[in-house]
Undergrad: 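If you scroll down you'll find the structure; I have some questions about it.
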2 protein chains.
Amino acid sequence: MAFVNQNEILQSLIQDQLVSDPASARGRLLKEAATLFRDKGYERTTVRDLAAAVGIQSGSLFHHFRTKEEILKAVMVETIRLNTAVMQAAADQVDSPQGKLRALIRAELESINGQTGEAMAVLVYEWRSLSDHSQGEVLELRDIYENLWLSILEELSQSGRLAADAFIVRRMLTGALSWTVTWYRPERGGLTLDGLTDQVMAMLGFVDGHAALS
Amino acid sequence: MAFVNQNEILQSLIQDQLVSDPASARGRLLKEAATLFRDKGYERTTVRDLAAAVGIQSGSLFHHFRTKEEILKAVMVETIRLNTAVMQAAADQVDSPQGKLRALIRAELESINGQTGEAMAVLVYEWRSLSDHSQGEVLELRDIYENLWLSILEELSQSGRLAADAFIVRRMLTGALSWTVTWYRPERGGLTLDGLTDQVMAMLGFVDGHAALS
DNA sequence: GACAATACCAAGCAAGCGCTTGGTTTGTAA
DNA sequence: TTACAAACCAAGCGCTTGCTTGGTATTGTC
């Protein structure tokens with residue numbers, strides 16, 4: 001199936017029970033949790049904060065989740081699942097490696113700075129609040145996501161269009177793109193998402209603005 | 001004065017009371033605090049943890065610092081002071097803008113992954129644990145530090161040797177370089193600090209390996 | 001050797017934490 | 001209407017938290 005927009009992808013994942021419906025009680029809680037975890041940090045966010053955000057008593061949370069950490073893990077797992085699907089779809093819509101790279105960068109910037117931004121920030125900055133066991137589970141999902149990037153970067157590297165090592169470029173991009181959440185404010189005018197994507201591509205030595213569409 | 005190594009700079013700052021002597025009680029505490037804050041996060045680190053790390057009772061901490069947050073702020077303030085001086089010295093030892101950029105990148109990578117790495121990580125990832133007022137104070141110091149980078153990047157940009165915008169490149173570098181702390185392990189062999197610096201320079205389009213020395 | 005000032009200890013307080021418990025309401029289907 | 005599970009409330013338990021207090025060593029100075 002070739003998905004076009006993010007909403008179709010989301011519906012499909014909900015169907016397969018891989019992510020929670022944002023309209024359900026569980027989904028709404030995860031959404032609020034992501035926002036609170038990003039704004040205040042996991043540790044500073046109390047179960048009373050979480051409960052108040054969805055309008056229930058703190059004890060009632062534990063009917064939906066066994067522990068507070070399980071909430072954090074759920075935010076992370078569902079975020080990776082959704083974004084892996086979104087990125088895959090973005091890359092599939094373009095043919096050239098350079099175009100695929102641009103699509104990935106744009107899609108990740110959109111994830112980080114758009115609707116799922118809160119959850120993405122949690123994924124990056126609340127990593128060590130997870131227990132070792134949970135970290136392992138999340139790590140497995142992350143590997144799938146990362147391989148999406150690496151296969152494309154290595155293709156560009158081998159054809160000589162990328163000056164630095166593929167692994168290292170991906171790691172640099174991980175840091176650089178996730179960091180945008182701390183400073184990029186598209187709503188204040190100035191730089192659009194496409195403009196920002198162009199800047200990142202330019203930094204990597206791809207200077208021809210909007211990438212080849214085919 | 002032209003400083004050569006990091007130790008001379010440190011001694012000078014200690015003299016001026018801008019950073020604590022690592023041999024003093026206060027300095028040792030800040031060192032341990034930085035390590036704990038990085039490993040467990042500020043919130044998860046208790047005053048009892050901090051006290052145990054330096055071998056005193058938890059109550060005795062409050063003879064040196066009024067609050068736990070004051071410890072966090074001190075770690076950040078002293079780290080910025082030291083690193084601003086270190087970076088300034090690194091840039092001053094080279095003449096060409098490209099050489100200065102390489103020196104800054106190398107020095108920041110060294111700060112992040114070397115002796116002061118714990119404190120640098122705290123500076124990046126524990127930002128929101130500071131009160132608003134403290135954030136303001138730290139921000140002022142950060143501006144000085146950032147201007148060091150911007151003046152050099154803008155020079156490169158205006159002479160056409162940098163494809164992307166100077167502000168954006170700096171922000172990308174901030175994210176990319178600080179992220180290295182999560183994956184770069186020089187002690188396991190493989191990539192040296194100079195090698196990593198070369199990779200970053202290559203990513204930015206500066207491909208001539210070790211930069212001009214003059 | 002007197003005398004502060006500094007550095008520390010031992011004990012514990014008040015508040016907030018994650019989570020449990022026993023019981024009530026709400027939704028669903030026969 | 002009855003039956004039953006899912007969703008929720010009200011209360012609070014046991015524990016940890018940052019920080020305070022009153023007192024005791026240790027250190028530097030003349």
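In the text below, chain A, chain B and the rest are named by the order of the sequence lines, each starting its count at 1.
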Undergrad: Do the side chains of Glu69(A) and Lys73(A) get close enough for a salt bridge, i.e. N-O under 4.0 angstrom?
TA: no
Undergrad: Report the distance from atom CG of Asp49(A) to atom C1' of dC19(C), rounded to the nearest whole Å.
TA: 15 Å
Undergrad: Mind calculating the distance between CZ (Phe65(A)) and P (dG18(C)) to the nearest angstrom?
TA: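 From Phe65(A) CZ to dG18(C) P: 15 Å.
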Undergrad: So which atom in Ser129(B) and which in Leu72(B) form the shortest heavy-atom distance, rounded to 0.1 Å?
TA: CB-CD2, 3.8 Å
Undergrad: Determine the minimum heavy-atom distance between Leu130(B) and Gln135(B), stating which atoms define it.
TA: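 Residues Leu130(B) and Gln135(B), closest heavy atoms: O-NE2, 3.4 Å.
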Undergrad: Please report the distance, rounded to the nearest Å, between CZ in Arg44(B) and C1' in dG18(D).
TA: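 The distance from CZ of Arg44(B) to C1' of dG18(D) comes to 17 Å, rounded to the nearest Å.
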Undergrad: Which is true for Thr45(B) with a 4.0 Å heavy-atom rule: it touches a base, it touches only sugar-phosphate, or it touches nothing?
TA: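 Sugar-phosphate, backbone atoms only, no base.
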Undergrad: In whole angstroms, how far is the C1' atom of dG16(C) from the CD atom of Glu43(B)?
TA: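 Distance check: Glu43(B) CD to dG16(C) C1' gives 13 Å.
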Undergrad: Whole angstrom is fine here: how far is it from CG in Leu50(A) over to C1' in dC19(C)?
TA: 13 Å
Undergrad: Measure distances between side-chain N and O atoms of Arg48(A) and base N and O atoms of dG16(C), and say whether any donor-acceptor pair falls under 3.5 Å.
TA: no
Undergrad: Mind calculating the distance between CZ (Phe62(B)) and C1' (dG12(C)) to the nearest angstrom?
TA: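 Phe62(B) atom CZ is separated from dG12(C) atom C1' by 14 Å.
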Undergrad: Rounded to the nearest angstrom, tell me the gap between atom CG in Leu61(A) and atom P in dG18(C).
TA: 10 Å
Undergrad: Take atom CD of Glu69(B) and atom C1' of dT17(D), then tell me their distance rounded to the nearest Å.
TA: 16 Å
Undergrad: Taking ring pair (Phe, Tyr, Trp, His ring centres under 6.0 Å) as the cut-off, I'd like each qualifying pair that reaches into residues 45-75 of chain B, sequence neighbours left out, listed once.
TA: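 Every candidate ring pair (Phe, Tyr, Trp, His ring centres under 6.0 Å) pair involving residues 45-75 of chain B fails, so no pair, neighbours aside, qualifies.
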Undergrad: Kindly give the atom pairs (protein nitrogen or oxygen, nucleotide nitrogen or oxygen) under 3.5 Å for nucleotides 6-9 of chain C.
TA:
unit_1: dA7(C); atom_1: OP2; unit_2: His63(B); atom_2: NE2; d: 3.1
unit_1: dC8(C); atom_1: OP2; unit_2: His64(B); atom_2: NE2; d: 2.6
unit_1: dC9(C); atom_1: OP2; unit_2: Gln57(B); atom_2: N; d: 2.6
unit_1: dC9(C); atom_1: OP2; unit_2: Ser60(B); atom_2: OG; d: 3.0

Undergrad: Is there any side-chain hydrogen bond (donor to acceptor under 3.5 Å, both in side chains) pair reaching into residues 28-41 of chain B, and which pairs are they, with sequence neighbours excluded?
TA: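 Every pair satisfying side-chain hydrogen bond (donor to acceptor under 3.5 Å, both in side chains) with a residue in residues 28-41 of chain B: Lys40(B)-Asp49(B).
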Undergrad: Could you check whether the rings of Tyr125(B) and Tyr125(A) sit parallel, tilted or perpendicular, using 30° and 60° as the cut-offs?
TA: tilted
